[in-house]
2 protein chains.
Amino acid sequence: MPATSQTDGGEVRTPRERARAQTIADIIRLGRQHLAEHGAAALSLRAVARDLGVVSSAVYRYVGSRDELLTLLLVDAYNDLGDAVEAAVGSVPAEESRGRFAALARAVRGWALREPARYGLLFGSPVPGYQAPAERTTAPGTRVVNSLVQILDTAHRAGRLAERGPSVLPAPLAADLEAIRHELGAEVPGALLARGTLVWTSLFGAVSFEVFGQYGAGTFSAPDELFEHHIAVLADLAGL
Amino acid sequence: MPATSQTDGGEVRTPRERARAQTIADIIRLGRQHLAEHGAAALSLRAVARDLGVVSSAVYRYVGSRDELLTLLLVDAYNDLGDAVEAAVGSVPAEESRGRFAALARAVRGWALREPARYGLLFGSPVPGYQAPAERTTAPGTRVVNSLVQILDTAHRAGRLAERGPSVLPAPLAADLEAIRHELGAEVPGALLARGTLVWTSLFGAVSFEVFGQYGAGTFSAPDELFEHHIAVLADLAGL
DNA sequence: TTATTTCAAGAGCAGTGCTCTCATTTACTG
DNA sequence: CAGTAAATGAGAGCACTGCTCTTGAAATAA
């Protein structure tokens, strides 16, 4: 291991390392472009190399494998979505829990419609033979659901989260939810957290149907209104 | 066009055509196998040809392209799911609408967990560059949602579908739902049909999260109980 | 300056979808 | 029955993929 110059604060070192970081950034940028245009399964390392003006074996100096590039793009997409959602949520006052939830939902849908291929990489069928490394994807992959839990928790702490329906949960499920609550430092009772889980998956179910074209072509001419309706019902369901 | 022997009733003709039909059936069977084992994007016509004991170009006498094989498998999977759902729904008395809905939901989840790769083909990210021909996939692809609408409609006709919440819908959405109602010959009011749409997408959202591993690994140790909870909440939401 | 590491290029392997040609087998017809 | 037309399978080939290995050149460190 070389001594490395001592002037850096942890990021930039030798000019060679700067060039290397730049090349990796270029590869991610081009990969994101290919991903957006042709989809995840069609992502080709050779094509990225061509766009980079370099022979295919050269990019193996930087990424190691196609799967590793996929992981980089996965994290990149998770963070992009997380940024969009957190910005949208943050633009609504914290007391307006229902408004924050609506902003979160609209941000997810908007990003998904803007980036269908990247959304498909995150929430579609798993790429065959590819298993995302949990240690690198868990943190960015939980930003949206963390936002949602925080909205629920804030509302609950303010006494504005309605108790709905019977709160009897089977013991194993209650235990799972207790563990989640503990890990996130939330105070939301289990029954509401269970409903929150359903709201969470329902949101992505609605978005996936629209983005993946599961509604028949031309079935809904007013998708915006449909989604706003869903937001209202889901907010009620969550107790907001 | 050859005269074709006149003994048939519309299905089996010459021995050659029987052999041809058999070969196509074998290709679909092997394709389904590969699909289940390696996923949609990894489906290889050459591999199917190898298993069939034939050279790759020979398979092109029967299927035309990889995309056409994908379409065959898509229809095959839609029908398999449709069979499972309709059988499950049919095993519950028609008056028990809530029970029929639960049976439908459990059938979808069960089939999806049994056939994750085929489920992914139907409800996951679209295969890049492949567009399913609507005229061949629409009918089998709507069997599940048709079942759901029929359950809601039966309950409504029996006066057992609760009106929930305000029924004010924006005009464009109301028009879309009116068109759907007309096409399916249903009587369910628009507001309940809108909720039914959300229930529909929410069901598949919950199933997709579980099948695609979107819940963190080990987050839910009791997925059955979680899903049963979701069924109950969704049934309430639908008004059942 | 010398030695070491880093890098890009090229060849090559095994796989893919798909097209084309060619010989053979099957089926229909005069 | 003989002849013709259609269907079939094999094989070669093209362009593409991920990935490995070797080779020569360039940048860096000693």
Side-chain angles (χ1 to χ4, degrees), chain A residues 1-8 12-27 30-31 34-35 37-73 127-131, chain B residues 1-8 12-27 30-31 34-35 37-73 127-131:
Chain A
M1 182 193 292
T4 77
S5 63
Q6 304 297 332
T7 61
D8 65 280
V12 183
R13 344 255 265 227
T14 75
R16 185 167 242 171
E17 289 190 18
R18 290 202 310 122
R20 181 176 183 84
Q22 181 57 53
T23 303
I24 292 182
D26 286 347
I27 290 174
L30 292 171
H34 279 97
L35 186 61
E37 285 168 20
H38 314 294
L43 178 68
S44 153
L45 240 159
R46 282 182 121 112
V48 171
R50 262 195 303 276
D51 280 17
L52 198 63
V54 105
V55 88
S56 79
S57 61
V59 311
Y60 280 86
R61 302 267 161 186
Y62 299 94
V63 282
S65 75
R66 199 197 89 119
D67 282 6
E68 193 180 313
L69 176 57
L70 223 47
T71 300
L72 291 173
L73 295 172
V127 181
Y130 169 73
Q131 182 69 341
Chain B
M1 185 193 293
T4 77
S5 63
Q6 304 297 331
T7 61
D8 67 279
V12 182
R13 341 259 266 229
T14 75
R16 184 167 240 170
E17 288 191 19
R18 289 201 310 123
R20 182 177 181 83
Q22 181 58 53
T23 302
I24 291 182
D26 286 347
I27 290 174
L30 291 170
H34 278 97
L35 187 61
E37 285 168 19
H38 313 295
L43 178 68
S44 153
L45 239 160
R46 281 183 121 112
V48 171
R50 263 196 303 275
D51 281 16
L52 198 63
V54 103
V55 89
S56 79
S57 61
V59 178
Y60 280 86
R61 302 276 163 180
Y62 299 94
V63 281
S65 75
R66 199 196 89 119
D67 282 6
E68 192 180 314
L69 176 57
L70 223 47
T71 300
L72 291 174
L73 294 172
V127 181
Y130 169 73
Q131 182 70 336

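In the text below, chain A, chain B and the rest are named by the order of the sequence lines, each starting its count at 1.
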Report the distance from atom [atom1] of [X] to atom [atom2] of [N], rounded to the nearest whole Å.
X: A:Asp67; N: D:dT17; atom1: CG; atom2: P; value: 17 Å
X: B:Tyr60; N: D:dC14; atom1: OH; atom2: C1'; value: 13 Å
X: A:Arg18; N: C:dT6; atom1: CZ; atom2: C1'; value: 17 Å
X: B:Asp26; N: D:dG9; atom1: CG; atom2: P; value: 11 Å
X: B:Glu17; N: C:dA27; atom1: CD; atom2: P; value: 10 Å
X: B:Arg66; N: C:dT19; atom1: CZ; atom2: C1'; value: 18 Å
X: B:Glu68; N: C:dT19; atom1: CD; atom2: C1'; value: 16 Å
X: B:Leu43; N: C:dG17; atom1: CG; atom2: C1'; value: 12 Å

_Less than 4.5 Å apart, side chain to side chain, heavy atoms only: is that true for B:His34 and B:Asp51?_
yes
*Would you indicate whether the side-chain heavy atoms of A:Leu73 and A:Leu43 approach each other to under 4.5 Å?*
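Yes. Closest side-chain heavy atoms under 4.5 Å.
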Can you figure out which of [options] approaches the side chain of [X] most closely?
X: B:Arg61; options: C:dC22, C:dA9, C:dC7; result: C:dC22
X: B:Val55; options: D:dG11, C:dT16, D:dT17; result: D:dG11
X: A:Tyr62; options: C:dA8, D:dT17, C:dC18; result: C:dA8
X: B:Ser57; options: C:dG15, C:dC20, D:dC19; result: C:dC20
X: A:Ser44; options: D:dG9, C:dC18, D:dT17; result: D:dT17

_From CZ (A:Arg46) to CG (A:Leu52), nearest 0.5 Å_ =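 Between A:Arg46 CZ and A:Leu52 CG, I get 15.0 Å after rounding to 0.5 Å.
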*Taking for each residue the nucleotide of DNA chain C with the nearest heavy atom, is it A:Thr23 or A:Ser56 whose nucleotide lies nearer the 5' end?*
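Comparing both residues, the 5'-ward one is A:Thr23.
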*Indicate the atoms forming the closest heavy-atom contact of A:Gly64 with A:Glu68, along with that distance.*
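Looking at all heavy atoms of both residues, the closest pair is CA-OE1, 4.1 Å.
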_How close do A:Ala41 and B:Ala41 get, counting heavy atoms only, and between which atoms?_
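Between these two residues, the closest heavy atoms are CB-CB, 3.8 Å.
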*Check whether any side-chain nitrogen or oxygen of B:Arg20 sits under 4.0 Å from OP1 or OP2 of D:dA6, and answer yes or no.*
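So the side-chain polar atoms of B:Arg20 never come under 4.0 Å of the phosphate oxygens OP1 or OP2 of D:dA6.
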*Kindly say if A:Arg46 contacts the phosphate of C:dG15, meaning a side-chain N or O under 4.0 Å from OP1 or OP2.*
no
_At 4.0 Å (heavy atoms only), tell me whether B:Ser65 reaches a base, stays on the sugar-phosphate, or touches nothing._
sugar-phosphate
